[in-house]
Amino acid sequence: MDYKKILEDIYLEIRPYEKMGKQADYIPALAKVNPDQFGMCLESVSGEVYPFMQSDTRFSIQSITKVFALALVLSLKGEDLWKRVGKEPSGTAFNSLVQLEVERGIPRNPFINAGAIVLTDILLTELKDPDNEFITFVRALCGSDSVNYNMEVAVSEREKGYLNAAIANMLKYHGTIENDIEDVLMFYFKMCSVEMSCRELAKAFIPFTNISPFYYSGYKLTSSQIKRMNAIMQTCGFYDEAGEFSYLVGLPGKSGVGGGIVAIYPMRYAVAVWSPRLNSRGNSVMGIKALELLTTATQESIF
Ligand code: GLU
């Protein structure tokens, strides 16, 4: 498959969308990002890399970090996780409080904010040095030691993170989180603030294609656990647009409000795309379009 040419063709086709949507501005530090940027990178399980345009520019991975957090928690706690978080799509916005109240503090799934805040709480309890251990794990996955938190973004989100604070308070009220609310929120925002490029993200997701045994910085996952992580990405990776993404693209994946999306073609490749302008559901406009065109052109999807 000539992925290089396919990526070039895709870009020509999505150019009409380049001014659609706008970057996340509810996190003040992200409002400063130049919205007119685009990068993409596909890496195959055999190590062929197809970088395109700004594939080496780092950006805020935001909710994509929830996949790394879930991997760590599954490795540490296994099935016990599901006593505190569900695995059903939410059909609501990433930061919605509605279901959490009705469902008495058990988040629908680990990829909405409420669920990821529970993952964060578990990591704070289980890890001796959470800041270091989390970033070491991410660095091991992408093979780059310079990947790091961006404290300006984390602090800026903390200052305006009223909804996430409300979610954390509701979780604490129901006894779903154990640690101090402020500690949980700060570590959650730090994990979201990690900056990576499309090239680094594609590489970091290769282990989730389930091609070989998963063992990174001391953490193991079975292939059955990875299969299940992919199932959750498929059903819950795009908030209230998960069905639409599944329909258009047909691959498991995860988006973030920094404008990044990573998708997985199991046993074959991982592909990351980034463009900061988001649609009303918080997903990258050009990112979704690019992936839709990729699976249409290649006829490579899980369906
Ligand atoms: N840090 C963001 C928040 O909690 C992550 C949301 C996202 O990327 O979808 O609002």
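All ligand and atom numbering here is 1-based and tracks the order in the structure.
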Using atom types as modelled, flag every donor-acceptor pair under 3.5 Å from a side chain in residues 267-274 to any protein atom, sequence neighbours excluded.
from, atom 1, to, atom 2, distance (Å)
R268, NH2, E300, OE2, 3.0
W274, NE1, G258, O, 3.1

Pocket residues of ligand 1, ordered first by chain and then by residue number (heavy-atom cut-off under 4.0 Å): Y26, Q62, S63, F94, N113, E157, N164, Y188, C192, Y239, G256, V257
Ion pair R158/E182, N-O distance below 4.0 Å: yes
Donor-acceptor pair between D121 and N179 side chains, under 3.5 angstrom: yes
Under 3.5 Å side-chain donor-acceptor pair for R108 and S96: no
All N/O donor-acceptor pairs, side-chain side in residues 134-143, below 3.5 Å, sequence neighbours left out:
from, atom 1, to, atom 2, distance (Å)
T136, OG1, N132, O, 2.6
R139, NE, D145, O, 3.1
R139, NE, V147, O, 2.8
R139, NH2, V147, O, 3.0

Remaining members of the apolar cluster that contains Y26, side-chain heavy atoms under 4.5 Å: I27, L30, V33, F94, V153, Y239, V257, L278
